Amino acid sequence: MYAPERQQHILRIARESGRVDVLSLAEELQVTAETVRRDLKALDRAGLVRRVHGGAIPAGRLDFEPDLAEREATAADEKDAIARAALAELPADGSVIIDAGTTAARLAGLLPLDCALTVVTHALPVAARLADHPGISLHLVGGRVRHRTRAAVDAWALRAYAEIHADVAFLATNGFSADGGLTTPDLAEAAVKRAAAAAARRVVLLADSGKYGQRHFARHGELSDVDLLITDAGLAPEDARDIEAAGPAVVRA
């Protein structure tokens with residue numbers, strides 16, 4: 001089977017099943033996993049599928065949201081590099097908001113033991129990492145907890161963020177682009193992300209390059225709302241220039 005035939009077959013399965021995984025396709029097509037990954041990469045570049053950890057989904061599924069474990073395993077090295085670079089953006093003494101997201105949680109886990117900050121978060125994974133930190137005054141925002149992200153949402157969370165003024169908000173997103181803005185699959189999460197960004201003097205977006213160009217159902221901001229994007233070296237220099245033209249400075253960690 002030639003590559004175009006394989007890719008058409010993969011696309012058909014993805015559309016029928018809602019998802020494909022690399023190992024099953026390799027066994028079915030009797031090719032190597034690396035060959036399947038190349039096919040998925042070609043389909044992704046053509047805008048026909050969106051690659052996720054271990055496979056791909058049809059590009060039209062804007063409501064797709066991987067679970068926490070899957071997101072933790074995706075682009076792990078890139079997220080670690082982004083979190084380390086984000087340490088330079090911490091205020092010497094002051095207050096920060098840390099959004100729900102696997103990269104943001106990595107940042108929380110890296111906060112030095114000698115730092116003295118007030119941290120506000122609506123994310124249970126972030127709060128769990130900071131609960132025993134000796135230098136952190138931790139404020140946990142309440143609300144309905146979404147099981148998929150372990151994040152508090154809805155009216156309680158929105159009211160809490162309306163009452164504070166933080167120095168820096170470390171924001172996460174599921175997708176970002178110069179024309180599509182910042183997006184996430186869930187409307188309730190989008191509302192809390194907007195409120196968190198509005199509650200800070202400065203907004204730092206933490207997003208790996210795999211999220212660039214992706215669009216999800218709920219928009220929660222524009223790139224012009226962001227002061228600094230910290231991403232990884234996988235973001236092409238020309239894409240970084242397009243983002244900077246839209247407003248934020250860009251650091252490729």
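This structure is a prediction, so every number in the text was calculated from the model and none was measured.
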Set of residues satisfying side chain to side chain contact (heavy atoms under 4.5 Å, CB included) with respect to T32, sequence neighbours excluded: E34, T35
What one should report as the nearest heavy-atom pair of G143 and A152 is N-CB, 3.8 Å
Which residue pairs pass the ring-ring contact (aromatic ring centres under 6.0 Å, His included) test with at least one member in residues 84-135, sequence neighbours excluded? H122-Y161
Side chain to side chain contact (heavy atoms under 4.5 Å, CB included) partners for A123, two or more places apart: A100, T121, P125, V126
So, does R19 use its side chain to make a donor-acceptor pair with the main chain of G55 at under 3.5 Å? no
Knowing that exactly one of N174, L187, L182 qualifies, which makes a side chain to side chain contact (heavy atoms under 4.5 Å, CB included) with H220? L182
Any sub-3.5 Å donor-acceptor pair from Q7's side-chain atoms to L43's backbone N or O? no
For residues 177-201, the ring-ring contact (aromatic ring centres under 6.0 Å, His included) pairs (sequence neighbours left out) are none
A quick test of your reading: do over 12 heavy atoms of other residues, nucleotides or ligands sit less than 6.0 Å from CD of E5? yes
If two hydrophobic side chains count as joined below 4.5 Å and joins carry through other members, does I82 share a cluster with V96? yes
Taking atom CG of L110 and atom CZ of R106, what is their separation to the nearest 0.5 Å? 9.5 Å
Please examine the side chains of D39 and V31, heavy atoms only from C-beta on, and report whether any two atoms are closer than 4.5 Å. no
Indicate yes or no: does R51 engage D44 in a salt bridge with an N to O separation below 4.0 Å. no
Verify same cluster id: L223, V250 (apolar side-chain graph, 4.5 Å): yes
Would you name the heavy atoms of L158 and A191 that are closest together and state the gap between them? CD2-O, 3.5 Å
Using distance only, find each side-chain donor-acceptor pair of residues 195-203 under 3.5 Å and give its atom names and separation, not counting sequence neighbours.
residue: R202; atom: NH1; partner: E89; partner atom: OE1; Å: 3.1
residue: R202; atom: NH2; partner: E89; partner atom: OE1; Å: 3.2

When every non-hydrogen atom of S95 is compared with those of A166, the smallest separation belongs to OG-CA, 3.3 Å
Donor-acceptor check, side chain of E189 to backbone of P185, threshold 3.5 angstrom: yes or no? no
Side-chain heavy atoms under 4.5 angstrom apart, residues restricted to Ile, Leu, Val, Met, Phe, Trp, Tyr: same cluster for L11 and L25? yes
N/O donor-acceptor pair under 3.5 Å between K79 side chain and D208 backbone: no
Distance check, rounded to the nearest 0.5 Å: L235 atom CG versus I230 atom CD1? 13.0 Å
How about Q8: does its CD atom have over 12 heavy atoms from other parts shown lying under 6.0 Å from it? no
Verify the cluster assignment for L171 and I98: are they in a single hydrophobic cluster under the rule of side-chain heavy atoms below 4.5 Å apart? no
Do any pairs count as a side-chain hydrogen bond (donor to acceptor under 3.5 Å, both in side chains) and have a residue in residues 222-237, sequence neighbours left out, and if so which ones? S209-D232, R219-E222
Using the side chain to side chain contact (heavy atoms under 4.5 Å, CB included) rule, pick out the option among I243, V204, L205, L228 that qualifies with P248. I243
Within residues 177-198 or reaching into it, pairs that qualify as ring-ring contact (aromatic ring centres under 6.0 Å, His included) - sequence neighbours excluded: none
Excluding sequence neighbours, so at least two apart, what forms side chain to side chain contact (heavy atoms under 4.5 Å, CB included) with H9? R12, I13, E28, L29
Heavy-atom closest pair, residues A157 and V192: CB-CG2, 4.1 Å
Find the distance between OG1 (T184) and NZ (K211) and round it off to the nearest 0.5 Å. 9.0 Å
Under 6.0 Å from the CD atom of E27, do we count more than 12 heavy atoms belonging to anything else shown? no
As an exercise, state the distance from CG of D154 to CZ of R146, rounded to the nearest 0.5 Å. 10.0 Å
Residue set satisfying side chain to side chain contact (heavy atoms under 4.5 Å, CB included) with A160, at least two apart, ordered chain then number -> V141
Can you tell me how far apart CG (L117) and CG (L138) are? Round to the nearest 0.5 Å. 11.5 Å
Nearest heavy-atom contact between D93 and A116 is OD1-O, 3.4 Å
Contact between L87 and L111 at the side-chain level, heavy atoms closer than 4.5 Å - yes or no? yes
Keeping to residues at least two apart or across chains, list the salt bridge (Lys or Arg N to Asp or Glu O under 4.0 Å) pairs with something in residues 168-184. D179-R215
Using the ring-ring contact (aromatic ring centres under 6.0 Å, His included) rule, collect all pairs that involve residues 162-211, keeping only residues at least two apart or in two chains. F176-Y212
Linking Ile, Leu, Val, Met, Phe, Trp and Tyr by side-chain heavy atoms under 4.5 Å, what else ends up with L124? L140, V145
Which atoms form the tightest heavy-atom contact between G175 and H216, and what is the distance? N-CD2, 3.9 Å
Among T118, V120, D167, find the residue that satisfies the side chain to side chain contact (heavy atoms under 4.5 Å, CB included) test when tested with I97. V120
With the 4.5 Å side-chain cut-off for hydrophobic clustering, are L90 and V251 part of the same group? yes
